[in-house]
Amino acid sequence: MADQPVHSRADDLACIDVVEIMTDYLEGALPADEARRLERHLGTCPGCTEYLEQLRAVAGSLRGVTDASFPPEMRDGLIADFRRLRSS
Amino acid sequence: MARPIVHAEEEGLIAALCRGDADAFATLVDRHSPAMIRVARAYVPTRAAAEEVVQETWIAVMRGIDRFEGRSSLKTWIFRILSNVAMRSGARERRSVPFSALAEAEDTGEPSVDPDRFLSADHELFPGHWAIMPTPWPMPEEGLLAGEIREVIAAAIGELPSAQRTVIALRDVEGWSSEEVCEALEISAGNQRILLHRARSRVRNAIESYHGAVEEIDFDAVTADLMGDTAKKETDSD
């Protein structure tokens, strides 16, 4: 593999198409033969390999990055409503 | 996967709700409200309007829990109510369409990466390959979200079309599975992946722009390597 050029002409996938199927690949939704073809491409293409790593980093790093907390006064009001409703 | 456990826990929760257990109701509100706000935002234009949709949904849940028949999970039932409330609310804002139609209307078929970053399809040696390829990002020990990049990412998510923003928020910010997202939003697995891919790609692009992490490929050198033409390389460097 060390002797491989940056891009191999034997590789019949184009990077412009590869970037569009990377989420399918990460999600395990690519058919096995297409996944193997993609992996062969990654073996010769540092650009696509980096792109995949970056998509993976994005997917795995966003927990809690934006806030969607429910206002406490609304929450407490709802619980009070629940108590009233269920006790009546 | 963990579905039977969730269902067993749900049964207990439902029984507690029907008994009028306010702690059980509080647990449910705390567990689902953030994701409900994210979904509601797809239908209504402001955070405040989304909070009102969530509030109205919880009122419908507390009034209707006795009629819940368990034909779906409790979570799915709650999110169906939310969609209906949000659509009614969206109708007042002239945005009353199901999530799937919203996603379709927003789909411009845009590529994940600027096509100018690639060589043309009729390039002699490398059709469609990177011309300007991504390079590694500086990765602090604290991870991708350290420092001001967090703001860059939050802004990129905030600027996404509603359907893409909702899917990435549920999947990657809230940590839902693809099955949970498809069920709550009533979209196919394929559509969910398209929305997720577009959303993650845009966030990736924003991070890349922030770092300026790209490199133009020297195709003369690559071609020389490919042809094994070392003599050419020496001549070029002279």
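Below, chain A is the first sequence line, B the second, and so on; all start at residue 1. Since we're looking at a predicted model, the values are computed, not measured.
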| said: I'd like to know whether the aromatic ring centres of B:Trp58 and B:Phe25 sit less than 6.0 Å apart in this structure. | reply: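 Yes, they do, as the ring centres are separated by less than 6.0 Å.
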Checking [X] against chain B: side chain, backbone, both or neither under 4.5 Å from a heavy atom?
{"X": "A:Asp67", "answer": "both"}
{"X": "A:Glu20", "answer": "both"}
{"X": "A:Leu85", "answer": "side chain"}

Sort out for me which of [options] touches chain B most, counting heavy-atom pairs under 4.5 Å.
{"options": "A:Asp81, A:Asp24, A:Leu26, A:Ile21", "answer": "A:Asp24"}
{"options": "A:Gln54, A:Arg83, A:Arg86, A:Met22", "answer": "A:Gln54"}
{"options": "A:Leu55, A:Thr49, A:Asp76", "answer": "A:Leu55"}

At a 4.5 Å cut-off on heavy atoms, which part of [X] comes close to chain A: side chain, backbone, both, or neither?
{"X": "B:Arg117", "value": "neither"}
{"X": "B:Ile168", "value": "side chain"}
{"X": "B:Leu119", "value": "neither"}
{"X": "B:Leu17", "value": "both"}
{"X": "B:Thr135", "value": "backbone"}
{"X": "B:Ser178", "value": "side chain"}
{"X": "B:Val173", "value": "both"}
{"X": "B:Asp21", "value": "backbone"}

Between [X] (side chain only) and [Y] (backbone N and O only), is there a donor and an acceptor less than 3.5 Å apart?
{"X": "B:Arg165", "Y": "B:Ile157", "result": "no"}
{"X": "B:Arg171", "Y": "B:Gly175", "result": "no"}
{"X": "A:Ser87", "Y": "A:Arg84", "result": "yes"}
{"X": "A:Glu34", "Y": "A:Pro31", "result": "no"}
{"X": "B:Glu106", "Y": "B:Ala163", "result": "yes"}

| Does the side chain of B:Leu195 reach to within under 4.5 Å of the side chain of B:Ile187, using non-hydrogen atoms? |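 Touching, per the 4.5 Å side-chain cut-off.
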| said: Do B:Phe118 and A:Val19 have side chains that approach each other closer than 4.5 Å (heavy atoms only, starting at C-beta)? | reply: yes
| task | Could you verify whether a donor N or O on one side chain and an acceptor N or O on the other, from B:Arg38 and A:Thr66, lie under 3.5 Å apart? | result |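 On atom types as modelled, these side chains qualify, holding a pair under 3.5 Å.
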Name the member of [options] that forms the most heavy-atom pairs with chain A at distances under 4.5 Å.
{"options": "B:Ile194, B:Ile207, B:Asp30, B:Ile59", "value": "B:Asp30"}
{"options": "B:Ala169, B:Ala35, B:Ala189, B:Ser201", "value": "B:Ser201"}
{"options": "B:Asp23, B:Val29, B:Val113", "value": "B:Val113"}

| Closest non-hydrogen atom pair, B:Gly109 against B:Arg198 |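 Closest approach of B:Gly109 to B:Arg198, heavy atoms only: CA-NH2, 3.9 Å.
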| message | Holding to side-chain contact (heavy atoms from CB on, under 4.5 Å), I want the full list of residues that pass it with B:Pro136, two or more places apart in sequence or in another chain. | response | A:Glu50
